[in-house]
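For the numbers below, each heavy atom of this structure counts, side chains included, while hydrogens, waters and symmetry mates do not. In what follows, residues are counted from 1 in the order of the sequence shown.
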Amino acid sequence: MPSKHPKYGDSEHMVFLVEDVLFHLSVRRIKQSRFFCDMIDEAHTGVESEGKSDEHPISLGGISAFEMTSFLDALENPFVLGDPNLTFDQWAAALHLATMWSFDNLRKCIITQMDKIIILVNPLDRIDVSFKYRVEKWLHPAYEVLCTRGNGLTEDEVERLGLKRSVAIWRIRESLEFEKTKAVAPTCPGCGAEPACRNCGHQLFESPPPPPSFTSNARRKVPKMKGKGKEDSKLRDSHVLDLIQQEEALKFT
């Protein structure tokens, strides 16, 4: 008589009830979770038939059918053959259950998938999922968006963030605005030199020199600074993150 393959020969499944919806989970799959390992034991379920049929499902409270569906979509899709086409809300729901049920490897895979789309998500939502599912690397970049964008915090955002975090973000925005104003100095329209000393205000030019003239056949060539913009952007981002890390209210706790 043929024998069952130790890994792929097990067709057993357990039946769970979530919000009046029945879900069949492969026993082989759920053995990946420390949470479910004990549940597979008949003594833990209470009766021998519990979880073995649609008539006797194991009821799971505190979660939604949407979360369960999203979790199974992430669990059953083979990541190596292509990314599952899930929305951010579906990924977040799947991450919730993978975290709660200790599917450690699946949790890592979901976080990797979410890394690809997290930058497109509202910064407040990014902050929420960072804390809720304990993913620290998503937190400070989300705060950076709030600190550097053109518009300040809205009333709804202040309500979601709370007073302490809102004040910390306001303080960083004010600091960046002051630094920006301080860095701006008038320059000569002709050569780019500063017309006045920054320390004492002494005029370097009696009157601004006339702008350089150009002929129709010649244009002044401005040397290009390769990579300068990217370097400045990296330095600015690094500076903003340093300010965020100094704020107690914005730390990952």
Return the SG to CD1 distance between C147 and I172, rounded to the nearest 0.5 Å.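 Answer rounded to 0.5 Å: 4.0 Å.
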Nearest 0.5 Å please: distance from the CZ atom of R173 over to the CG atom of L146.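 Reported to 0.5 Å precision, the distance equals 8.5 Å.
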Is it the case that the ring center of [Y] lies less than 6.0 angstrom away from the ring center of [X]?
X	Y	result
F131	F252	yes
F71	F23	no
W138	Y133	no

Please step through side chain to side chain contact (heavy atoms under 4.5 Å, CB included) for the pair R134 and L95, ending with a clear verdict. CA-CA 10 Å; R134 311 305 300 165; L95 181 59; over 6 Å; no
Is a donor on one side and an acceptor on the other found under 3.5 Å between the side chain of [X] and the backbone of [Y]?
X	Y	answer
T148	E144	yes
E247	I244	no
S166	G162	yes
S70	W91	no
H140	L250	yes

Please name all residues satisfying side chain to side chain donor-acceptor pair (under 3.5 Å) with K137, sequence neighbours left out, ordered by chain then number. D115
Is it the case that over 12 heavy atoms from other parts of the model lie below 6.0 angstrom from the [atom1] atom of [X]?
X	atom1	value
K251	NZ	yes
I119	CD1	no
E174	CD	yes
D54	CG	yes

Stepwise side chain to side chain contact (heavy atoms under 4.5 Å, CB included) check, I63 with M68: CA-CA 7 Å; I63 65 173; M68 190 65 162; 4.3 Å; yes
Scan residues 157-169 for pairs that pass salt bridge (Lys or Arg N to Asp or Glu O under 4.0 Å), counting only residues two or more places apart or in two chains.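 Found D125-R160, D128-R160, R149-E157.
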Residue list, ring-ring contact (aromatic ring centres under 6.0 Å, His included) with Y143, at least two apart or on another chain: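 Partners of Y143 by the ring-ring contact (aromatic ring centres under 6.0 Å, His included) criterion come out as none, since no residue qualifies.
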In the single-linkage hydrophobic clustering (I, L, V, M, F, W, Y; side-chain heavy atoms under 4.5 Å), do [X] and [Y] co-cluster?
X	Y	result
V145	V240	no
M100	M114	yes
W170	L176	no
V15	L17	yes

In terms of ring plane angle, is the pair F36 and F16 parallel, tilted or perpendicular, where the classes change at 30° and 60°? perpendicular
